[in-house]
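Just so you know, ligand 1 is whichever comes first in the structure, and atom 1 is the first atom listed for that ligand.
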Amino acid sequence: MSTIEVKVPALGDFKDVPVIDVLVKPGDAVSKDDALVTLESEKATMDVPSPAAGTIKALRVKVGDRVSEGSVVVTLDAGEAGAAKPAAAKAAPQAPAAAKQAPSPASAGKRDGAAAATAPAAERPPKRPAPVAAPSGGVRLEVKVPAIGDFKDVPVIEVLVKAGDTVEQDDPLVTLESEKATMDVPAPAAGTVRELEVKAGDRVSEGSLVLVLETAGAPAPVAAREPAREEPAPIAPAAAPAPRAPAAGPPAPAPAPAGRPAPAVEEEGRVAVPHGSPSVRKLARELGVDLARVEPSGPRGRILHEDVQRYVKEVMSAAATGAPGIGLDVAPWPKVDFAKYGPVETRPLSRIKKISRKNLARNWVMIPHVTQHDEADITELEKFRVALNAEHAKEGVKVTLLAFLVKACVAALRRFPDFNASLDGDALVLKQYFHIGFAADTPGGLVVPVVKDADRKGVLELARELAELAQKARDGKLQLAEMQGGTFSISSLGGIGGTAFTPIINAPEVAILGVSRSVTRPVWDGAQFAPRLMLPLSLSYDHRVVDGAAAARFTSYLAALLADMRRAML
Ligand code: CAO
């Protein structure tokens, strides 16, 4: 057994390439050619492969480190005596494809453009496509595969544009994938795609014609295009405006990408593609995972190995708990270049929205929702509430309708325990405590604080606690524990307006009460029309747990309680 220092092989002129994924840990057994770490340059991702079979002794880099040719990434105890030497000797020839091509496709488009200022200084100048006058008056650019090192016959795995598409400078046009690297050929200038010269499955080499682009004029000189860009060089193509096609199809014997399914065409003829290193794509192919369904956690939307593993775990655990599969056979999300139709502004989602969107989407697709609408006559309750507030004005407590709603819901939940439950596989877990969540509208987005043990609290105490929690929510000061443990939720939009809506159930709860604005209207009392204050109720329930008849009984009972809160004491 001998110890090998596994080094970054020849990366062309590239220096300081970031490590975006470390795929092994000390003690791991690896085979020859297993990917050890993933590096990512401007337009290419590459794995550093193991030069021999063995056991990882130590990691010498971590995610975020920058490496260059010769940097040691891991030390490896080679498994078989004698294996190390030839394997190590082979390490350089095994250099990832992208490493060798690094100076070219990775930055071919950038060199002419603003990013040239931040691209590695030692890069060779690009071969700029020769402009030719187009009949329409524009300039025809023949976009060719830039220098890709010694590599020849690299398969085109994705064609990201079609004739007639408009592209921005640096938009990825086609993706090439060698054994160990994926690389994009970027647009050298903004323009319109006129003729596509390759299709998925074709093999290309340096100088192969990819497409003909018609630009409005000759590519502008660097300074004219973006004179003062200061941010660090983008290292991943994920931020590229052109959406890309799913690359991970079913297992395909490499190299035979021609056999892969064509990417699904979306609205506008555009396609969406997840970004992942070749080893991530290989893992996804082996596991049959559609990368388009995997939520990326890597830099700039890059899918990492752990993302694929997490996705598989989620699918497996959903299957184990009897929950419906989350691998819905849905079309990819439509990608539209909105700016084509008018001015736009892009605003990042708030932190709360980033978290809640996933939960809301899961709850909406995984729970068969039905919403039961009803109304409660709260004429007397409102009189009582106003009187109560007058009595307690000095104490600084404002009793809102919400406190009564919590009280009434607890009484209804006692009467209909299935609504205070959670589904667990084939069983229903009935909770004997009453923790009521309420949706609170905050500047950062929707949060759901929970009033614990609401059954043990009076209306005044509930009112005080609701106000405190709502204030904390608006100030962004809620603790996690204050949003956990809910058994049933209320979403009250009554202070804002509306007549009815469909609240989304807050899983793993099985029901949520939506409340809209109360209105005074004439109600027939059997002898005459009388003005009554009517409160709209919208109860969404999980139809796997609750039948429609039970939901109707629940809301009728709730309405009766709100009409006469004395019943809540019974
Ligand atoms: N009908 C008519 N008026 C109502 C009402 C109803 N159903 N509910 C409340 N009101 C009135 C209140 O009486 C109060 O009036 P006054 O100022 O004259 O006293 C006013 O509307 C404002 O009430 P409020 O919002 O301060 O208090 P609340 O207890 O009703 O609600 C809270 C508290 C936190 C629920 C609320 O502020 C809020 O954030 N609501 C939005 C919830 C939400 O976003 N739900 C959607 C989730 S799904 O996307």
Side-chain angles (χ1 to χ4, degrees), residues 349-350 352-353 355-364 367 369 371 373-393 396-409 436-451 454 457 459-478 482-483 486 488-507 509 511-521 531-540 555 558-559 562-563:
L349 288 180
S350 70
I352 291 176
K353 283 208 163 112
I355 298 167
S356 64
R357 66 178 176 161
K358 292 185 192 170
N359 294 339
L360 289 167
R362 177 201 58 206
N363 299 350
W364 184 248
I367 302 173
H369 281 69
T371 305
H373 298 285
D374 210 330
E375 57 182 1
D377 183 340
I378 57 163
T379 315
E380 303 309 322
L381 179 60
E382 183 59 11
K383 281 183 199 157
F384 179 51
R385 190 185 75 86
V386 171
L388 208 56
N389 273 331
E391 279 171 33
H392 293 274
V397 185
K398 184 181 166 194
V399 181
T400 66
L401 185 60
L402 190 58
F404 288 102
L405 285 165
V406 170
K407 196 82 197 149
C409 283
I436 310 298
F438 66 101
D441 181 33
T442 77
L446 171 72
V447 291
V448 186
V450 175
V451 179
K457 294 172 183 166
V459 168
L460 290 178
E461 192 179 351
L462 287 172
R464 196 176 293 116
E465 194 171 334
L466 287 166
E468 278 169 15
L469 286 169
Q471 191 55 49
K472 266 184 151 180
R474 282 191 277 269
D475 295 343
K477 291 188 177 153
L478 278 180
E482 291 171 312
M483 294 183 277
F488 179 87
S489 294
I490 300 175
S491 174
S492 173
L493 289 172
I496 302 166
T499 54
F501 67 105
T502 306
I504 297 180
I505 296 164
N506 192 13
E509 296 165 22
I512 179 170
L513 179 72
V515 182
S516 297
R517 190 170 197 69
S518 58
V519 282
T520 301
R521 59 179 177 76
R532 307 299 295 177
L533 185 62
M534 303 304 289
L535 179 73
L537 305 173
S538 304
L539 179 82
S540 288
T555 56
L558 188 63
L562 291 166

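Listed by number with element, the atoms of ligand 1 under 4.0 Å from a non-hydrogen atom of A440 are 39 (O). The distance from ligand 1 to the heavy atoms of R474 drops below 4.0 Å at these ligand atoms: 37 (O). Below 4.0 Å from some heavy atom of L446 lie the following atoms of ligand 1, by number and element: 47 (C). Shown in contact with L401 at under 4.0 Å from a heavy atom are these atoms of ligand 1, numbered in order with element: 7 (N). Contact atoms of ligand 1 toward L535: 7 (N) (distance under 4.0 Å to a heavy atom of the residue).
Using a 4.0 Å cutoff on heavy atoms, E382 does not count as a contact of ligand 1.
Between atom 48 (S) of ligand 1 and the options S491, P536, A470, the minimum heavy-atom separation is to S491. Here atom 10 (N) of ligand 1 lies nearest to G495 when heavy atoms of G445, G497, G495, S356 are compared. Summarising the contacts of atom 40 (N) of ligand 1 with S492, P449, G498, the nearest heavy atom is found in S492.
In terms of heavy atoms, R517 sits closest to I496 at NH1-N, 3.9 Å. The nearest pair of heavy atoms linking N389 to V397 is OD1-O, 3.8 Å. Between A559 and E375 the shortest heavy-atom distance is CB-O, 3.5 Å. Residues I505 and A511 come closest through the heavy atom pair CG2-N, 3.9 Å.
Scanning all protein heavy atoms for the shortest distance to atom 39 (O) of ligand 1 gives D441 N, 2.8 Å. Of all protein heavy atoms, the one closest to atom 7 (N) of ligand 1 is S516 O, 3.0 Å. Of all protein heavy atoms, the one closest to atom 3 (N) of ligand 1 is G494 O, 3.6 Å. Here the heavy atom of the protein found nearest to atom 33 (C) of ligand 1 is L402 CD2, 4.0 Å. Looking at atom 2 (C) of ligand 1, its nearest protein heavy atom turns out to be S518 OG, 3.2 Å. The closest protein non-hydrogen atom to atom 15 (O) of ligand 1 is K398 NZ, 4.3 Å. The single protein non-hydrogen atom nearest to atom 27 (O) of ligand 1 is T400 CG2, 3.9 Å, given as residue, atom name and distance. With hydrogens left out, the protein atom closest to atom 13 (O) of ligand 1 is R385 NH2, 3.5 Å, a heavy atom.
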N/O donor-acceptor pairs under 3.5 Å from side chains in residues 443-451, not counting sequence neighbours:
none

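For T442, no heavy-atom contact with ligand 1 is shorter than 4.0 Å.
The line from CG of L537 to CG of L562 is 6.5 Å long, rounded to the nearest 0.5 Å. K472 contributes atom NZ, which lies 9.5 Å from atom CD of E465 (distance to the nearest 0.5 angstrom). To the nearest 0.5 Å, atoms CG (L349) and CD1 (I355) are separated by 11.5 Å.
When atom types are taken as modelled, the side chain of T379 and the backbone of L533 share a donor-acceptor pair closer than 3.5 angstrom. With S540 contributing its side chain and I512 its backbone, the two residues share no donor-acceptor pair below 3.5 Å. Within the 3.5 Å criterion, the main-chain N or O of K457 finds a donor-acceptor partner in the side chain of K407. Judged purely by atom type and a 3.5 angstrom limit, R385 uses its side chain to pair as donor or acceptor with the backbone of V399.
The nearest protein heavy atom to atom 42 (C) of ligand 1 is closer than 4.0 Å. When distances from atom 25 (O) of ligand 1 to the protein are checked, no heavy atom turns up under 4.0 Å. For atom 18 (O) of ligand 1, the nearest protein heavy atom lies 4.0 Å away or farther. At a distance under 4.0 Å, no protein heavy atom can be found next to atom 36 (C) of ligand 1.
The local environment of CZ in F501 is crowded, with over 12 non-hydrogen atoms from other residues, nucleotides or ligands closer than 6.0 Å.
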